Number of protein chains: 2
Amino acid sequence: MAQIKDVAKRAGVSVASVSRVLAGHTGVTEATRQRVLEAVQAMDYRPDLAARRLRSRRTDTVGLIVSDIRNPFFTEVSRAVEDMAYQNRMRVILCNADENPEKEALYLDLMRDENVSGVILSPSLPTLAHFRIQDYPFPVVLVDRCDRETTADAVVLDNTDSAYRLTIHLIEQGYRRIAFIYGATSATGRQRQEGYVTAMATHGLETLTQAVPATVDAARIAASELVQGSLFPDALMGSNGLILLGLVEALREARLQFPEQIGLAGFDDLPWTRLVEPGITVIAQPTYDIGQATIELLLQRIAHPSQSVRRVVLRGELRERGSSVRRKDATL
Amino acid sequence: MAQIKDVAKRAGVSVASVSRVLAGHTGVTEATRQRVLEAVQAMDYRPDLAARRLRSRRTDTVGLIVSDIRNPFFTEVSRAVEDMAYQNRMRVILCNADENPEKEALYLDLMRDENVSGVILSPSLPTLAHFRIQDYPFPVVLVDRCDRETTADAVVLDNTDSAYRLTIHLIEQGYRRIAFIYGATSATGRQRQEGYVTAMATHGLETLTQAVPATVDAARIAASELVQGSLFPDALMGSNGLILLGLVEALREARLQFPEQIGLAGFDDLPWTRLVEPGITVIAQPTYDIGQATIELLLQRIAHPSQSVRRVVLRGELRERGSSVRRKDATL
DNA sequence: ATATTATTTGTAAACGATTACATTTTTACT
DNA sequence: AGTAAAAATGTAATCGTTTACAAATAATAT
């Protein structure tokens, strides 16, 4: 492999000049720039990243720690982050924490070892509770999950508002005993639950909430018990795509038709929500935008470490489908 | 930050000894080992990875270049790869090529720059056609996609066989004019098409195939034309999960009920295939296993660069559901 | 006890870039 | 033309490890 000194020799300049040209620095004459570029081309020279990183003490790498890569929300966020990162000549190290605080800690340690320029993190609830930005030697931008207490850059959905609007929609459609099943491991689930509670309160309705681990199976089991128990909800809401999936499974098992026998709505406009007849009413998240906004915020923060803390809140969009149409016996 | 010389000083040994202990080398007495470990602990010493990589010329990093991260198949494969890699103290750089050969080339270059220990690649068709393992300075293991010509380690489904079995299943259920819609960008789609063709041939049936870009929309449009055209297929098959999704959308648009008016089957047992009444018959891929087998193969190859080329073929599992039940007018 | 070998330790030279600083060349101005 | 200032270039130190090699110590055989 060609080294910088070989390139320098061929171009008839010093290694410093080669380095300067490649770094895009000014203070190098156009003539030498051309000769260097030509030599680089001719020898197919590629700088050794390890050497560069050692000397420059920068890695131009960002870490992306997602809670659960199987959740399509995070898949799409990752895609956006990756696209933008590589466009900005940054590398991405992707880690999947599986909603496990220990894994999160492990990966955050790893990011320190890798000396990354910054990290994007969607923290589990325990991690978020203890999270202090100053504990880390790199900028951190939270995505999808944060709370009022944490002072860190973040990009999130308007969780409480969206849940509020979704709940109001159900109420307006005539549902009264609406049950809210939400993921207990994330701040997001909680905030959506708050929006639901607020909406129910404004109409003087009794709340019926159930926290579960954020998995399809857990949601299915919880929903099964709910619909077969003595509480008789007339509608179910799920706080995210996985949970919503579990709810549908439970309704299928219980042979309950929606919206005829029970209403249904939830978060995340996944492809299948349109296919399950007559379609499921959801709050759609602008997932790609969220990812894009997050990496942009991180890059800004890296460029300007002392700029004030920012929180970007994106609005969810209500998509009405058949699962929540007005009840025949509605009495508003 | 503490450096190795600080640790050495505190432990009262040379830097070489510290390095040896940390590398897990033999030839160091238990007493010094303890003192070093103690000092490392006390000072919270973390070796500088850039320096280590520069000197040792190894990165302990593998690259994972997937064709489309939105495809749940690759999500699950990534998960497995990541799990296993970190268990073996390896890092993973994940790249999403979006079925774009140029992006693939770009990322493969990047892998070279990063001096990775090895790469896992699911190549697009053009890349696969030109692929020669000796063009790369690192081991490459193909996943999901390879053909008879390429001599590289690979982990794949028994695509042709699975498609054959799935087609035979439909034929046995009484379907005759079966159309096969498959992704044109991957070897996988083609091989599955072959299996379909073979199965049709053994029963003397006419084939009806349609190659499309591997997206939901492309599949939907192609299927719409098919079912509304003059060819009158009595069943549709999709070569993967995204395409299958497009088929379902097309049938919904055309208001065609399955299996009553048209049969349906495809690849990938995605969560929603159970939910769309009465369930869709699919070939389930052992996705996590595939990922696991792939990274294991890569690690082996890294450890033994000259071992003979291996191809691991995993068997797909036919899951019969309502979308392919026997036609009333079946005349076998 | 001494010679020989095996083991453990230490010293110093890499690894391949970036960059501070010194030096040379060019430009601008009197 | 001569000088000061600015710009371009080059030299060599540096980043923090690993590891080849030399040196010291311990173990074994005579």
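Side chains included, hydrogens not; waters and symmetry mates left out as well; all remaining heavy atoms used. Treat the numbers as computed from the prediction; the structure is a model and nothing was measured. Note on naming: letters A, B, ... go to the chains in the order of the sequence lines (proteins, then strands), and numbering restarts at 1 for each one.
Residue pairs meeting the ring pair (Phe, Tyr, Trp, His ring centres under 6.0 Å) criterion with at least one partner in residues 110-137 of chain B, sequence neighbours excluded, are B/F131-B/Y136, B/Y136-B/F138. Screening residues 77-116 of chain B for ring pair (Phe, Tyr, Trp, His ring centres under 6.0 Å), with sequence neighbours left out, gives A/Y86-B/Y107, A/Y107-B/Y86. The stretch residues 41-64 of chain B participates, sequence neighbours left out, in no ring pair (Phe, Tyr, Trp, His ring centres under 6.0 Å) pair at all.
With sequence neighbours left out, A/E149 forms a salt bridge (charged side-chain N to carboxylate O under 4.0 Å, His left out) with no residue at all. Not counting sequence neighbours, the partners of B/D109 by the salt bridge (charged side-chain N to carboxylate O under 4.0 Å, His left out) test are A/R46. Remark: A/R148 engages A/E194 in a salt bridge (charged side-chain N to carboxylate O under 4.0 Å, His left out) (not counting sequence neighbours). The salt bridge (charged side-chain N to carboxylate O under 4.0 Å, His left out) test applied to A/R57 returns B/D48, not counting sequence neighbours.
A/Q34 and A/E38 form no side-chain donor-acceptor contact under 3.5 Å, judged by distance and modelled atom types alone.
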Contact letters for nucleotides 17-24 of chain C, in which S counts primed atoms plus P, OP1 and OP2 and B counts the base, heavy atoms under 4.0 Å: BBB-----
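Of the residues in residues 33-44 of chain B, none has a non-hydrogen atom less than 4.0 angstrom from any atom of DNA chain C.
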CA sep, side-chain torsions, deciding dist, call: A/E104, A/S124, side chain to side chain donor-acceptor pair (under 3.5 Å): CA-CA 8 Å; A/E104 284 172 345; A/S124 66; 2.9 Å; yes
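In summary, B/R145 and B/E99 engage in a salt bridge, as defined by a charged side-chain N under 4.0 Å from a carboxylate O. Under 4.0 Å is where a charged nitrogen must lie from a carboxylate oxygen, and between A/E30 and A/R33 at least one such pair does.
Heavy-atom distances to DNA chain D give each of B/A50 and A/T29 a nearest nucleotide, and the one nearer the 5′ end belongs to A/T29.
Heavy-atom contacts of chain A under 4.0 Å fall on DNA chain D between two terminal nucleotides, which in 5' to 3' order are D/dA8 to D/dG16.
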Counting only pairs under 3.5 Å, give me each side-chain donor-acceptor contact of residues 13-21 of chain A, with atom names and distances, residues two or more places apart or in other chains.
unit_1	atom_1	unit_2	atom_2	d
A/S14	OG	A/A16	N	3.4
A/S14	OG	A/S17	N	3.4

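Recorded end-axis angle for the helix from C/dA1-D/dT30 to C/dT30-D/dA1 stands at 30°, based on five pairs per end and rounded to 10 degrees.
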